[in-house]
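Order of the sequence lines sets the chain letters (A, B, ...), proteins ahead of strands, with each chain counted from 1. None of these values were measured; they are calculated from a predicted model.
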Number of protein chains: 2
Amino acid sequence: MSKGPTISDVATLAGLSKGAVSRYLNNKLVLPAETAARLEAAIQTLGFRRNHFAQRLSQGKSETIGLVVPEISDQFFAELAEGAELEAASANYGLILGIGRNDVSREIDFLRWLDTHMVDGLLFVSNRPDDGQLRDHLNRYRNIVILDEDIPGSHASKVFCDNVQGALYGVRHLISTGHRRIAHVSGPSALMSAGERLAGYRQALEDANLLFDPTLLLNGRYSRDYGRQAAIALSAMHPRPDAVFAGSDYIAIGLIEGFLDLGLTVPGDLSILGFDDIAPADMVTPRLTTIRQNAQTMGREGVRQLLATMSHPARPAMEIRTPIALVRRGSVRHRGRNPPI
Amino acid sequence: MSKGPTISDVATLAGLSKGAVSRYLNNKLVLPAETAARLEAAIQTLGFRRNHFAQRLSQGKSETIGLVVPEISDQFFAELAEGAELEAASANYGLILGIGRNDVSREIDFLRWLDTHMVDGLLFVSNRPDDGQLRDHLNRYRNIVILDEDIPGSHASKVFCDNVQGALYGVRHLISTGHRRIAHVSGPSALMSAGERLAGYRQALEDANLLFDPTLLLNGRYSRDYGRQAAIALSAMHPRPDAVFAGSDYIAIGLIEGFLDLGLTVPGDLSILGFDDIAPADMVTPRLTTIRQNAQTMGREGVRQLLATMSHPARPAMEIRTPIALVRRGSVRHRGRNPPI
DNA sequence: TTGAAAGCGCTAACAA
DNA sequence: TTGTTAGCGCTTTCAA
């Protein structure tokens, strides 16, 4: 360590004791103006700065929280991280980043950050169906908040978006714009998000007295690639769906590309509705009509929940739902006789 | 702090001294098989894990590096962060994230991480023209590596992409596909990247005996919005350019949108060439022909440079250039008589 | 090889 | 109010 001046050096130079300096630095002591000035001068002269580790060791807390995401180059998680950093910074917490890569052992490794006191709390995002292994590990810890996707059976506080409501709004919009044969292409059926979005989809169908057709339901990954594959399957159906509710924007983007490759246009031949409203949703052609869930808000809310949990250990686990909204752009077109709503 | 077992507890239980346990844990001591087993058992039983802060305080290093980026929801920086985390993790370093928001005072705040020993080194990305303030602060520190965009006058090691070469390849491609009136819409002229890309552009023009026309050069921000504005300006020119070399993919995407709004098609009326090859480049219509610079590689290389700097303090500052490549997609179309290359 | 003990730099309980 | 001092939990020098 390139040794810097210590608190003792400052104390000596200012003619005070370590304790006084420490207390002053922590605003636990009001010094006479003159003394304070002398102290500040000493700090300036020496270029003193407290050693983070000594401070943390002594206090027993790290003032740092961890964020574990499957990947950071995914636009959704990047936006979530942005929100988390913002909120953490405003509470004077550092944010340390872990990339889980959807690999259990890596994910579990990050839990060690809590053991070693490297972080005071952990924001955890995993979008991989869990066989219980991750859950069991998670449940050994406190000060964890789970974001975006559930890890069933874990006792932590959780922040999700309102998946059911989102799907409900979206599919209702599809129905009200005259679509009657609406497919649903979503993520892994084992994931809560996919289950809830499916529930909203079915609810909307039921509300409109439309029959649920299981052949119109496709489950895969929340990826662009899977969207392209799904387009092929969907285009081969007779009769072809007139709309697709995609479980994510990445799927929706793949769908558009896939249909285009097959000579089908969106929204000419089919309408497509996404979910998430990540930045690229507004860049593709046609622009994606989608359900916005604000990833940044989720990140911020996660940090807030975590800080609350940390400061009130007895606080019961919460399950927060962040709001969603329908964003109308160009990938849904009105069909048939009913006027648009 | 929820007190866990300490190294003393382990030592007592295993019938050894703290020192022995510590040394064993650090592989600085080979214990007889039987003793080792007893020790391991004690660690298991107690669920012992070393306190990160005690360890770091005692050793005087943090095994953590910081990454400061202007924002993380920008696809380019997200990919860079992904690479950095990957490389850091494989060297057993943690990565702590700071978002500078192109705000000098925030950026400078992050430098304190070095003072307080919170990080051993810092990866720094700022894409704001600097008036010297940031440079002066940076130059007070060691163990900093600057990425992506230069901060002129700073003595740190630097990792950039090969801007000149990239622009040269790109514009050469435009020329070889029959374009003769090539505009260049780029970022802030004060930034190194913009300067170098301009140099490559001019070089390509010169090589082809084409005259540089200053009215075809527009400088603004590396953003989609600026691309849209530039489209308006460009479309009003007589004669109109037949191609645009954009300084970034975000600009290129804005350009495509802007031209479309004005009733001009890409690549029908004009060809567009981007720079960066961020993920959305492959999602827009038409798909963007662009110069790929691999942000993830840059992140990895940055960490490598930083670790090298940290372990060899005498090592001179390096300036690394990561390779670029032309990615041909759909936004450039052949024009005129010359056959495509 | 192993143990004892002195730090690492700061905070906080206790005294004065 | 201010100073003194005992930790925080680990590493590492110095003895044994």
Side-chain angles (χ1 to χ4, degrees), chain A residues 1-39 42-43 46-64 92 112-120, chain B residues 1-39 42-43 46-64 92 112-120:
Chain A
M1 173 152 27
S2 53
K3 285 193 186 292
T6 75
I7 206 169
S8 308
D9 300 330
V10 176
T12 309
L13 183 56
L16 289 170
S17 73
K18 282 168 51 175
V21 177
S22 172
R23 275 177 293 230
Y24 174 78
L25 256 21
N26 293 308
N27 296 316
K28 293 185 174 172
L29 167 64
V30 184
L31 245 33
E34 200 222 335
T35 320
R38 211 173 55 223
L39 216 184
I43 291 174
L46 296 169
F48 168 72
R49 208 132 263 168
R50 275 177 293 186
N51 180 305
H52 185 253
F53 292 103
Q55 192 174 18
R56 295 321 172 208
L57 173 59
S58 170
Q59 291 186 147
K61 47 209 293 274
S62 67
E63 305 275 289
T64 302
N92 277 311
R112 305 245 160 87
W113 284 353
L114 287 163
D115 290 317
T116 62
H117 300 278
M118 194 163 168
V119 300
D120 294 334
Chain B
M1 170 153 27
S2 54
K3 283 192 186 294
T6 74
I7 205 169
S8 307
D9 300 329
V10 175
T12 309
L13 183 57
L16 289 170
S17 72
K18 284 168 50 175
V21 177
S22 172
R23 277 178 290 231
Y24 174 78
L25 256 21
N26 292 308
N27 297 315
K28 291 186 174 170
L29 166 64
V30 184
L31 246 32
E34 202 221 333
T35 321
R38 211 172 57 226
L39 214 185
I43 292 174
L46 296 170
F48 168 73
R49 208 134 264 166
R50 275 176 292 185
N51 180 304
H52 185 252
F53 292 104
Q55 192 174 18
R56 295 319 172 212
L57 173 59
S58 169
Q59 290 183 150
K61 48 209 291 274
S62 68
E63 306 273 289
T64 301
N92 277 311
R112 306 245 161 86
W113 285 351
L114 287 163
D115 291 317
T116 63
H117 301 281
M118 194 163 168
V119 300
D120 293 334

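Spacing between atom NE2 of B:His52 and atom C1' of D:dG9 amounts to 13 Å, rounded to whole angstrom units. Summarising the geometry, the separation between CG on A:Leu57 and C1' on C:dC8 is reported as 9 Å, rounded to the nearest angstrom. Rounded to an integer number of Å, the gap from B:Asn51 CG to C:dC10 C1' is 14 Å. Rounded to an integer number of Å, the gap from A:Arg49 CZ to C:dC8 P is 21 Å. What separates CZ of A:Phe53 from P of D:dT11 is a distance of 13 Å, to the nearest Å. To the nearest angstrom, P of D:dT2 lies 11 Å from CG of A:Leu39. Atoms CD (B:Glu63) and P (D:dT11) sit 11 Å apart, rounded to a whole Å. Rounded to a whole Å, the CZ atom of B:Arg56 is 23 Å from the P atom of C:dG7.
Each end of the helix from C:dT1-D:dA16 to C:dA16-D:dT1 gets its own axis, taken as the rotation carrying the C1' atoms of four end pairs onto the next four within a five-pair window, and the two axes meet at 40° to the nearest 10 degrees.
If you check every strand for non-hydrogen atoms under 4.0 Å, A:Tyr24 touches nothing.
Atom CG of B:Asp120 and atom CD of B:Glu63 lie 6.5 Å apart (nearest 0.5 Å). Rounded to the nearest 0.5 Å, atoms CG (A:Leu25) and CD (A:Gln55) are 8.0 Å apart. Going from atom NE2 of A:His52 over to atom CZ of B:Phe53 covers 5.5 Å, rounded to the nearest 0.5 Å. Separation of atoms CZ (A:Arg23) and OG (A:Ser17) is listed at 6.0 Å; rounding is to 0.5 Å.
Residues passing the side-chain contact (heavy atoms from CB on, under 4.5 Å) test with B:Leu31 are B:Leu16, B:Tyr24, B:Leu29, B:Thr35, B:Ala36, B:Leu39, sequence neighbours excluded. B:Ser58 meets the side-chain contact (heavy atoms from CB on, under 4.5 Å) test with no other residue; sequence neighbours excluded. Taking A:Thr64 as the reference, A:Ser62, A:Ile96, A:Val119, B:Met118 meet the side-chain contact (heavy atoms from CB on, under 4.5 Å) condition, with sequence neighbours excluded. With sequence neighbours excluded, the residues satisfying side-chain contact (heavy atoms from CB on, under 4.5 Å) with B:Asp115 are A:Arg49, B:Arg112, B:Tyr141.
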**Contact pattern, 5' to 3', of nucleotides 11-16 of chain C - B, S or - by protein heavy atom under 4.0 Å** = BBB---
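The shortest heavy-atom contact between A:Ile7 and A:Phe48 is N-CE1, 3.5 Å.
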